[in-house]
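Notes follow once the structure below has been shown.
Chain naming here is simple, since letters A, B, ... match the order of the sequence lines and numbering starts at 1 in each.
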Amino acid sequence: MIVETGHFALVLALALACVNAVVPLIGHVTRDGRLLAVAQPVAVAGFGFTLAAFAALTYAHVTSDFSLVNVIENSASTKPLIYKITGVWGNHEGSMLLWVLILAVFAAAVAVASRGMPADLRALVLCVQSWIAAAFLLFILLTSDPFTRILAPPIEGQDLNPLLQDPGLAIHPPLLYLGYVGFSMTFSFAAAALIAGRVDAAWARFVRPWVLIAWVFLTLGIAMGSYWAYYTLGWGGFWFWDPVENASLMPWLAGTALLHSAVVMEKREALKVWTIFLAILAFSLSLVGTFLVRSGVLTSVHAFANDPRRGFFILVILVAFIGGSLALFAWRGGSLRQGGLFAPVSREGALVVNNLLLTAACATVFTGTLYPLALEAITGAKISVGAPFFNSTFLPLAVPLFVLMPIGSTLAWKRGDLLGAAQRMVVALLAGLAACLAFAAIEGAPAQSYALAGLAVFVIVGSLADLARRLGMDGLAGAWGRAVHLPRSAYGTAIAHAGVGITLLGLAATGWGHENILTMKAGDVARIGPFTAQVEAIAQEKGPNYTAAVARTVLRRDGRVVATVEPQSRFYPVRKMARAEAGIVTIGLGQFYESIAAPIGDHLDVRLFWKPLVTLIWIGALVMGLGGALSLSDRRLRFGIAARSRRPPAAVPAE
Amino acid sequence: MTRKKKRLTMIGLALAVFGGAVGVSLYALRDTIVFFYGPSEYAAKAPPPGTRLRIGGLVEAGSFKRQGDGRVLFAVTDTVHDIRVTYTGLLPDLFREGQGAVVEGTVEPDGLFRADSVLAKHDERYMPKEVADSLKKQGVWRDGDAPPPAAPPAALPDGEKHASAAP
């Protein structure tokens with residue numbers, strides 16, 4: 001009964017989305033405040049019904065209701081409870097339901113949280129958001145119904161893919177979806193602005209928190225996915241330029257550009273049309289990502305054999321939304337009042353360069369990801385575009401971005417002073433050079449590693465030095481007072497930029513890693529970097545729904561025991577699937593990493609890695625997220641909105 | 001700076017960045033892409049030794065041999081033609097005889113394919129798309145059939161994403 005209620009709730013959510021897709025638009029055209037006022041409660045109710053549907057599916061998974069096809073295929077009664085819950089979105093149907101749930105969360109958040117917005121804009125935003133919700137609810141109900149029953153329920157399910165039976169599944173997809181779907185908000189704001197025909201600095205101020213939220217979650221989601229792949233796959237790699245990873249990187253690059261162009265629009269009322277375009281682009285790329293993952297169209301280890309109807313349906317949604325929004329953009333974009341031009345050497349000039357480099361980088365990733373697909377469709381030739389392509393196209397665009405990042409953020413608005421900025425960079429430049437020489441002396445080759453490490457230190461010191469300069473401008477006496485009064489977004493910027501440098505340092509350090517692949521038996525010793533690793537014993541263990549071979553390995557440095565790791569090779573009998581569980585220990589900022597294959601006799605294939613500073617890659621992403629969150633808590637964002645709530649809530653004329 | 005000069009600077013900058021990106025992309029596309037062949041296509045076209053390739057098919061039953069030095073030998077087949085492959089390193093967890101696999105590497109002058117990465121399927125229901133297409137072309141497997149050797153539990157929908165591999 002609960003399952004049918006959930007199914008019905010989903011249908012009701014679709015009906016409500018259809019209401020909100022039409023009524024506020026009529027309200028806008030007829031300037032009827034009552035019709036506009038419909039949008040808010042309907043959005044909140046839509047969220048309620050979607051949540052009910054999601055709760056019903058969760059209930060079915062937790063109670064192992066094997067009369068549901070979705071539960072049979074992705075669950076087993078022996079599965080631990082946490083994976084019964086996370087298994088709800090560990091499959092196609094459930095993950096689409098999570099997608100729609102998060103869409104509804106954002107709609108409800110706009111309805112409730114942004115009281116200061118003009119009623120007209122808010123209603124239109126909710127209206128556009130409902131189009132997206134309606135399209136995806138229809139997709140779920142027609143092609144990917146998670147509530148399908150089966151007449152003769154089996155006693156046991158087929159279990160969840162063992163690769164997904166990991167705490168990462170609890171964190172990574174929700175974070176990533178909050179990011180992906182978060183850009184639906186900026187899309188809705190952009191479409192609403194185009195429909196209303198009015199874009200100004202206030203619009204930029206309203207949309208900025210949503211850009212920041214989406215960006216922070218996407219940053220954390222990508223980092224979490226990368227760490228999960230790193231520890232669970234046993235390859236020791238953290239980024240494979242896999243199409244599905246690229247699918248999340250593209251909206252991140254566009255979103256980062258949007259974040260920066262929205263600042264220019266807020267401060268200088270310039271780059272309006274460009275900002276609107278980026279807002280559309282970021283969500284379009286999120287949709288492309290959804291299409292790539294869900295349709296199985298690309299050759300990817302993420303893509304599974306799939307129902308072609310689904311791919312076609314998503315393609316129709318994709319074409320309708322991207323095509324529709326770009327048509328709207330072409331039709332109304334010209335009528336937006338343009339802001340003035342500005343000097344190339346200025347903060348806004350630097351932000352334009354940032355946007356150019358980020359969108360160009362995004363375009364190269366897009367090319368590399370979709371070129372094989374296009375080529376196969378046209379000529380039938382099958383090719384794969386891998387890491388070499390992305391490394392040789394992405395790096396030349398990323399390096400100037402890193403060099404200019406700390407310089408650009410010290411430039412003044414309107415008219416910058418390049419010489420002054422260069423002088424302010426002296427400390428950072430010296431620190432970078434010193435780091436470069438130090439790393440070259442201690443770690444040695446390859447040259448690109450210590451060059452990149454020097455650049456990373458330059459970025460970190462440059463970002464923080466700018467903050468320190470602003471605090472200690474007239475001696476240390478007033479520093480505390482200035483520290484309090486400096487807007488939080490200034491701290492946020494400096495911290496997020498430093499986070500980029502930290503990640504870069506972790507990436508640079510991969511050049512000094514050691515790798516050793518060999519066959520070992522109990523008692524054998526292998527050298528790896530500054531350590532020796534000895535396999536002490538190979539034992540068999542039994543988990544709740546798997547059996548595992550465990551190779552207990554002792555790590556020594558200069559004869560002293562540093563750590564013990566227990567890498568496992570697991571076997572899940574229900575799916576007849578093996579999976580490695582790497583043994584990882586963090587030493588300083590580096591990690592020792594060992595993964596094993598299933599033993600043959602008393603022998604074992606072992607992969608050993610020593611990865612100095614590798615944790616910085618993810619720590620940097622966390623720091624970026626922290627910077628974004630600090631910016632989000634900026635008083636100006638909060639009070640800017642609150643101050644407007646004193647205005648009468650009646651409809652504000654659109655023109 | 002005059003308006004015109006400002007505008008020209010911006011346009012020049014944009015052209016330089018995007019022109020550079022296009023140039024580098026085209027250059028990289030020429031050098032770094034890897035073509036995919038099925039064993040039969042490979043036999044028909046016979047690319048010169050040293051070309052980087054991807055080859056996909058089934059790991060031939062009974063072909064898998066472990067050398068003492070950590071090297072493994074096996075054959076990739078589409079049931080008509082086959083290619084002998086050598087590989088050093090850890091094989092994916094799901095690498096098995098009779099199952100789909102994609103290998104990437106170069107051909108040695110003696111005709112042996114030296115792989116530097118091996119991808120296997122990730123799930124009982126999953127078969128690399130290239131392998132599936134290649135098998136269909138040979139008429140070994142038609143749409144709607146269960147994938148040939150190890151039959152999956154009915155043609156039910158897919159699993160979730162996130163089973164990345166390959167260095």
Worksheet item: What do you reckon, is OH of B/Tyr42 surrounded by more than 12 foreign heavy atoms closer than 6.0 Å?
Response: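 Atom OH in B/Tyr42 is crowded, with more than 12 foreign heavy atoms closer than 6.0 Å.
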Discussion item. Is it the case that over 12 heavy atoms from other parts of the model lie below 6.0 angstrom from the CZ atom of B/Phe18?
Written reply: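 It does: B/Phe18 CZ has more than 12 such atoms within range.
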Worksheet item: Can a donor-acceptor pair be found between the side chains of A/Trp228 and A/Asp166 at a distance below 3.5 Å?
Response: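 Side-chain D/A pair, A/Trp228 to A/Asp166: present.
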Structural part of [X] lying under 4.5 Å from a heavy atom of chain B:
X        : result
A/Ser595 : both
A/Leu356 : both
A/Phe571 : neither

Practice prompt. Pick whichever of B/Val24, B/Val34, B/Val22 has the most heavy-atom pairs under 4.5 Å with chain A.
Written response: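 Most heavy-atom pairs under 4.5 Å with chain A: B/Val34.
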Worksheet entry | chain A contact via B/Leu29 - side chain, backbone, both or neither, heavy atoms under 4.5 Å |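 Both parts, backbone and side chain.
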Item to complete: Sequence neighbours left out, what pairs pass side chain to side chain donor-acceptor pair (under 3.5 Å) with at least one residue falling in residues 101-112 of chain B?
Response: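 Sorted pair list: B/Arg52-B/Glu104, B/Arg54-B/Glu104, B/Glu108-B/Arg114.
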Fill in: Flag side-chain contact, heavy atom, 4.5 Å: A/Val88 against A/Tyr83
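Counting from C-beta outward, A/Val88 and A/Tyr83 never come under 4.5 Å.
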